[in-house]
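Residue numbers begin at 1 in each chain, while the letters A, B, ... track the order of the sequences.
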There are 2 protein chains.
Amino acid sequence: MRSVTIDDVAKAAGVSIKTVSRVVNREPNVRAATKEKVEAAIKELNYRPNQSARGLASRRSYMIGLVYDNPSPNYLANLQAGMIEACRDNHYGLALNPVTYHAEDMVEQVMHWARQAFVDGVVLTPPLTDSEALLEALRAADIPFVIMSSRGTAGAPAVLIDEEEAAYQMTRHLIDMGHSRIGFIKGHPDHYSSRCRFMGFEKAMKEGGLEMPAGYIGQGYFDFASGREAASQLLSQPTPPTAVFASNDDMAAAVIYEAHSRKIDVPGELAVAGFDDTPLSRQVWPGLTTVRQPIRAMGRMAAEALMDAMTAEGRKKLEEAGEMAIDFELQLRGSTVR
Amino acid sequence: MRSVTIDDVAKAAGVSIKTVSRVVNREPNVRAATKEKVEAAIKELNYRPNQSARGLASRRSYMIGLVYDNPSPNYLANLQAGMIEACRDNHYGLALNPVTYHAEDMVEQVMHWARQAFVDGVVLTPPLTDSEALLEALRAADIPFVIMSSRGTAGAPAVLIDEEEAAYQMTRHLIDMGHSRIGFIKGHPDHYSSRCRFMGFEKAMKEGGLEMPAGYIGQGYFDFASGREAASQLLSQPTPPTAVFASNDDMAAAVIYEAHSRKIDVPGELAVAGFDDTPLSRQVWPGLTTVRQPIRAMGRMAAEALMDAMTAEGRKKLEEAGEMAIDFELQLRGSTVR
DNA sequence: TCGCTATTTGACAGCGCTGTCAACCACCGT
DNA sequence: ACGGTGGTTGACAGCGCTGTCAAATAGCGA
């Protein structure tokens with residue numbers, strides 16, 4: 001019942017434990033044939049290195065951390081899934097740290113956790129990505145990090161999609177569908193994303209020579225309830241918009257909800273567009289036109305970037321890395337297209 | 001720049017490292033005076049035990065694990081949140097292990113992960129809770145576990161709500177609303193929950209002397225797509241039901257979706273009920289009548305039960321513990337009540 | 001063929017901590 | 001005063017792995 005150790009693998013492969021260690025850690029200077037032998041033995045025995053032992057010997061924890069503040073369950077689940085995929089490939093573990101962005105001692109909390117969990121790197125989600133104090137503390141503690149955000153903070157490697165461009169394209173889509181009275185529901189002001197998405201909207205509207213009356217611009221907070229309020233405001237205008245672009249799917253679903261309850265036909269009388277392509281966008285009727293963000297792939301990329309940064313050159317590369325952009329995709333569904 | 005070790009503390013306190021270890025781990029049989037000296041030194045030097053070293057030497061990780069197979073993001077997020085709350089209180093970490101229930105080597109995978117991550121205990125979510133092989137392997141490996149499930153497996157401590165009773169009450173609610181042609185959409189057959197929910201439905205229907213024609217019973221898999229198919233089947237009956245009780249919210253939302261697309265008024269012509277009280281149930285129109293499960297509290301309870309089991313008596317208590325039931329609550333919304 | 005360098009491999013000493021076990025001590029009853 | 005008893009302390013051997021450095025081997029030109 002004893003678990004498989006590096007010695008077992010070494011014996012099985014007919015090499016020294018050090019060579020096994022090299023293969024596991026992807027160190028250079030291992031002959032291809034040797035590497036294959038070792039990998040076969042690892043697979044055969046289903047060997048998994050003991051993290052505690054690795055951590056002790058190498059003074060690393062082989063853990064990366066994910067710090068977040070109350071994201072949508074869907075975002076969290078996908079991000080985690082992507083990160084775990086990457087972690088598995090690299091024999092790393094994932095440590096979670098939910099925090100409160102607005103807490104007085106948020107930075108302290110995170111740093112304390114990072115020290116105790118000994119994480120080798122950290123992924124930050126919005127809006128934590130916008131806390132300059134936190135980024136500074138991580139830099140000071142020499143803990144590599146990647147932010148999941150459009151924030152163009154210098155020196156902060158970021159995995160992102162071009163949110164402004166996506167919002168621009170979505171707005172273009174609405175304009176192309178013949179709409180000229182287009183409303184917009186902004187996202188949470190703590191999130192830089194909200195600004196990006198609004199800027200993309202603005203750009204397309206200006207380019208199309210369309211007006212953006214104040215009554216057509218609602219303030220939301222990325223949740224359903226605030227979306228309903230904003231939608232209610234927009235739809236109560238003397239001349240209501242014929243299309244509403246909400247900064248995320250929850251709020252867009254809220255627009256549809258409001259429309260239903262007012263017997264307004266979607267998309268006949270009101271087209272609705274969202275952002276994120278959450279499952280919800282497929283579960284409301286009609287299906288929601290939205291922007292697909294490959295969150296899972298982004299999580300994977302962020303985790304990989306961190307783990308690559310464990311070597312000296314990798315570390316340098318991460319520091320120099322700017323934005324790592326992934327493609328988004330417009331998903332056109334029944335809420336804008338009959 | 002070297003960090004403070006147990007040796008430093010021992011030297012400062014004028015005792016052996018073993019005594020420091022005793023104090024840190026709250027072991028008995030340390031004289032009060034000695035303990036104070038050591039504690040003073042710990043504070044003075046700001047000593048924090050190295051988790052890797054502790055883990056390696058003690059073959060414990062101060063981590064509990066969560067094993068799951070593709071649950072709904074909402075379930076996962078809430079369960080995690082509850083478990084993390086409990087972990088924080090006890091200076092434990094949470095390790096995640098997504099697996100594939102149907103994978104040939106699922107049990108092996110979990111066991112290797114458990115050994116590698118050294119988790120001190122494991123929480124299992126459905127349908128993994130129903131794998132007798134997995135439970136047996138965990139018992140054999142002497143790893144304490146708690147299942148999140150109605151499964152009445154002897155010897156498996158479970159955190160749960162009385163799902164059969166909940167389904168019974170929900171069906172009663174539909175009957176009380178005057179419905180007699182009530183359809184049901186079953187959940188994924190891999191999940192024991194599905195059976196419980198159906199049994200509750202059946203009980204209420206029999207008690208009310210109502211018929212359950214085969215055409216009114218659809219098979220779903222807990223996801224939206226399968227819910228649509230089942231809904232489509234039910235609504236295509238020559239005499240369709242006037243109410244549908246779906247085994248979870250995603251499928252209930254699918255029923256509403258189908259109703260909308262067929263211009264069937266909800267709840268006027270068709271009442272719909274779900275199960276779980278996910279955010280989705282509040283985000284479709286009309287709001288979904290459903291059963292609220294306090295997942296977060298359940299996660300917290302499961303994690304606490306595991307960490308309590310780290311002591312000898314606690315372990316015994318866990319082994320003897322049967323079901324730990326938490327109250328559910330019917331949430332009546334617009335999909336059944338005008 | 002030999003000698004040289006570059007690549008590949010292995011022996012071994014810890015990393016910081018806990019478990020084991022033996023030594024030590026104080027205090028009891030006789 | 002003595003041995004017995006149980007609480008208290010410390011010496012030491014690993015836990016499974018990586019870093020260091022030396023040894024072995026391969027590759028190549030002359």
B:N74: partners by side-chain contact (heavy atoms from CB on, under 4.5 Å), with sequence neighbours left out: A:P73, B:S72, B:N78, B:T278, B:P279

Euclidean distance, atom NZ of residue A:K11 to atom P of D:dG16 [Å, nearest integer]: 12 Å

Should A:R31 be listed as having a side-chain N or O under 4.0 Å from OP1 or OP2 of C:dT8? no

Tell me whether the side-chain N/O atoms of B:R59 come closer than 4.0 Å to OP1 or OP2 in D:dG16. yes

Expressed as a whole number of angstroms, how long is the span from B:R26:CZ to C:dT18:P? 13 Å

Among residues at least two apart in sequence or on other chains, which ones pass side-chain contact (heavy atoms from CB on, under 4.5 Å) with A:P98? A:Y68, B:I84, B:R88

Let me know the distance between CG of A:L56 and C1' of D:dA13, rounded to the nearest Å. 15 Å

Which part of the nucleic acid, if any, lies within reach of B:V30 when heavy atoms closer than 4.0 Å are counted: base, sugar-phosphate only, or nothing? sugar-phosphate

Should B:N29 be listed as having a side-chain N or O under 4.0 Å from OP1 or OP2 of D:dT8? yes

Below 4.0 angstrom from OP1 or OP2 of C:dT18, is there any side-chain N or O of B:S21? yes

Relative to the 5' end of DNA chain C, which residue comes earlier, A:A32 or B:Y62, by the nucleotide with the nearest heavy atom? A:A32

Global bending angle along the helix from C:dT1-D:dA30 to C:dT30-D:dA1, which compares the axes of five pairs at either end, to 10 degrees: 30°

With sequence neighbours left out, write down each residue that passes side-chain contact (heavy atoms from CB on, under 4.5 Å) with A:N25, or none if nothing qualifies. A:S21, A:E27, A:R54, A:Y62

What pairs with B:D142 under side chain to side chain donor-acceptor pair (under 3.5 Å), at least two apart in sequence or on another chain? B:R315

C:dC17 C1' sits how many Å from B:D7 CG, rounded? 9 Å

Examine the side chains of A:D190 and A:H102 and answer whether a donor and an acceptor come within less than 3.5 Å of each other. yes

Which residues pass the salt bridge (charged side-chain N to carboxylate O under 4.0 Å, His left out) test with B:R60, sequence neighbours left out? B:D120

Taking side-chain contact (heavy atoms from CB on, under 4.5 Å) as the definition, give me every residue that meets it alongside A:D89, ordered by chain and number, with sequence neighbours left out. A:R300

Minimum heavy-atom distance between A:R139 and A:A156, given as atom pair plus value: NH1-N, 4.5 Å

Please enumerate all residues that pass side chain to side chain donor-acceptor pair (under 3.5 Å) together with B:S193, with sequence neighbours excluded. B:E163

Protein-nucleotides 10-12 of chain D N/O pairs under 3.5 Å:
unit_1 : atom_1 : unit_2 : atom_2 : d
D:dG10 : OP2    : B:S16  : N      : 3.0
D:dG10 : OP2    : B:S16  : OG     : 3.1
D:dG10 : OP2    : B:T19  : OG1    : 2.6
D:dG10 : N7     : B:R22  : NH1    : 3.4
D:dG10 : O6     : B:R22  : NH2    : 2.7

Can you measure B:K35 atom NZ to D:dG7 atom P for me and round it to whole angstrom units? 16 Å

Rounding to an integer number of Å, can you tell me how far A:N25 CG sits from C:dT9 P? 15 Å

Roughly how many Å is it from NE2 in A:H91 to P in D:dG16, rounded to a whole number? 17 Å

Positions of residues 46-53 of chain A (non-hydrogen atom under 4.0 Å from DNA chain D), listed by number: A:Y47, A:P49, A:N50, A:A53

Please list, chain by chain and in numerical order, all residues satisfying side chain to side chain donor-acceptor pair (under 3.5 Å) with A:D327, sequence neighbours excluded. none

Given atom CD of A:E27 and atom P of C:dT7, what is their separation to the nearest angstrom? 16 Å

If every non-hydrogen atom of A:T129 is compared with every non-hydrogen atom of A:L124, which pair is closest and at what distance? CG2-O, 3.4 Å

Can you pull the salt bridge (Lys or Arg N to Asp or Glu O under 4.0 Å) pairs that have at least one residue in residues 38-47 of chain B, sequence neighbours excluded? none

